[in-house]
Amino acid sequence: MLYKEFLKKKRACPFCRLSNQVIVTSKLSFLTYAVAPYTNGHLLVIPKRHVDSFLALTPAEHLDIEQLLEKGVAIVKYLGYSNYSILVRNGNNHQKSVKHLHYHIIPNHRIGDLDATGQPRTVLTKISELALIKTLKAVVKKCGFISDDRPSKK
Ligand SMILES: [Zn+2]
């Protein structure tokens with residue numbers, strides 16, 4: 001069955017009703033597997049509370065999810081995968097099929113080779129790089145973010 005057909009049959013949020021698919025549970029989140037995996041070993045870490053953005057998580061939920069992501073990575077490594085990507089989609093883009101926030105742990109996923117249109121990635125031109133830097137610094141200033149440029153202690 002195609003994943004998009006599977007989703008059409010789901011009326012309620014599929015992540016609010018998981019039970020026998022949960023592999024590891026913690027106080028505020030759980031770890032499960034993807035029913036329509038990108039690759040073998042594709043896992044998901046999902047907060048128990050239905051939120052649609054990682055910005056809506058409490059500090060305790062962030063920490064809980066981080067600890068479960070570490071366990072998920074350990075499982076993926078135990079399965080024999082040394083390379084993996086952790087992916088979380090935010091917002092309402094067409095690629096996010098379930099609105100309930102979820103973090104993907106995807107072994108051996110070659111995200112890095114292609115751009116969002118499926119074409120080989122290209123390096124920014126110097127002109128577009130300078131424009132991007134200018135835009136990002138303006139946004140950082142507008143947001144009031146303070147940049148700590150001191151070297152980190154090792
Ligand atoms: Zn939900």
Side-chain angles (χ1 to χ4, degrees), residues 1-8 10 13-15 23 28-154:
M1 177 188 298
L2 290 176
Y3 185 50
K4 60 184 178 184
E5 292 170 7
F6 170 81
L7 286 174
K8 283 181 190 170
K10 297 281 180 188
C13 173
F15 294 159
I23 305 300
L28 301 172
S29 57
F30 56 86
L31 183 142
T32 186
Y33 53 88
V35 294
Y38 293 129
T39 65
N40 287 336
H42 179 175
L43 302 177
L44 300 172
V45 174
I46 306 170
K48 289 180 178 174
R49 190 168 62 98
H50 183 109
V51 293
D52 65 359
S53 168
F54 76 94
L55 297 172
L57 295 174
T58 66
E61 286 171 322
H62 276 290
L63 182 60
D64 194 85
I65 287 169
E66 181 181 318
Q67 291 169 343
L68 216 41
L69 283 169
E70 289 176 8
K71 288 177 181 164
V73 166
I75 292 168
V76 162
K77 286 184 174 178
Y78 189 87
L79 291 172
Y81 302 105
S82 56
N83 300 310
Y84 56 88
S85 297
I86 295 177
L87 170 74
V88 61
R89 293 192 178 106
N90 219 42
N92 235 348
N93 70 41
H94 65 283
Q95 295 177 321
K96 188 176 175 188
S97 52
V98 177
K99 301 211 180 318
H100 189 140
L101 176 69
H102 52 287
Y103 291 72
H104 300 260
I105 304 170
I106 313 165
N108 294 341
H109 192 47
R110 298 186 59 161
I111 289 173
D113 296 339
L114 304 176
D115 68 13
T117 66
Q119 298 300 310
R121 289 171 48 198
T122 57
V123 176
L124 293 171
T125 64
K126 196 65 189 170
I127 290 171
S128 58
E129 186 177 358
L130 291 173
L132 178 63
I133 290 169
K134 186 177 175 185
T135 300
L136 292 175
K137 287 195 172 186
V139 171
V140 166
K141 188 176 179 181
K142 264 191 175 172
C143 291
F145 296 150
I146 296 167
S147 180
D148 186 348
D149 297 329
R150 292 174 295 180
S152 59
K153 295 174 187 163
K154 289 184 180 175

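For clarity, every value in this text was computed on a predicted model and none was experimentally measured.
Using a distance-only test at 3.5 Å, with no hydrogens or angles considered, a donor-acceptor pair links the side chain of Asn90 to the main chain of Phe54. When atom types are taken as modelled, the side chain of His62 and the backbone of Leu55 share no donor-acceptor pair closer than 3.5 angstrom.
Across all their heavy atoms, Ala34 and Pro37 have their closest contact at O-CD, 3.6 Å. Closest of all the heavy-atom pairs between Pro47 and Ser29 is CA-CB, 3.8 Å.
Atom NE2 of His102 and atom CG of Asp52 lie 11.5 Å apart (nearest 0.5 Å). With rounding to the nearest 0.5 Å, the separation of CG in Leu101 from CD in Glu61 is 9.0 Å. The structure places CG of Leu130 at 10.5 Å from OG1 of Thr135, a figure rounded to the nearest 0.5 Å. Rounding to the nearest 0.5 Å gives a distance of 12.0 Å between OH of Tyr81 and NE2 of His42. Distance check, rounded to the nearest 0.5 Å: CG of Leu132 to CG of Leu124 gives 6.5 Å. For the atom pair NE2 (His50) and SG (Cys13), the distance works out to 5.0 Å, reported to the nearest 0.5 Å.
Each of Val76, Leu44, Leu68 was checked for a side-chain contact (heavy atoms from CB on, under 4.5 Å) with Ile105, and the lone residue meeting it is Val76. The residue from Ile65, Leu69, Ile46, Ile75 that alone fulfils the side-chain contact (heavy atoms from CB on, under 4.5 Å) condition with Leu31 is Ile75. Exactly one residue among Val73, Leu79, Leu43 makes a side-chain contact (heavy atoms from CB on, under 4.5 Å) with Tyr84. That residue is Val73.
Between His104 and Tyr38, the two ring planes are tilted [angle within 30° to 60°].
Atom CD1 of Ile146 is surrounded by 12 or fewer heavy atoms from other residues, nucleotides or ligands within 6.0 Å.
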Handout entry: side-chain contact (heavy atoms from CB on, under 4.5 Å) between Arg49 and Thr58, intermediate numbers included
Key = CA-CA 10 Å; Arg49 190 168 62 98; Thr58 66; 4.1 Å; yes
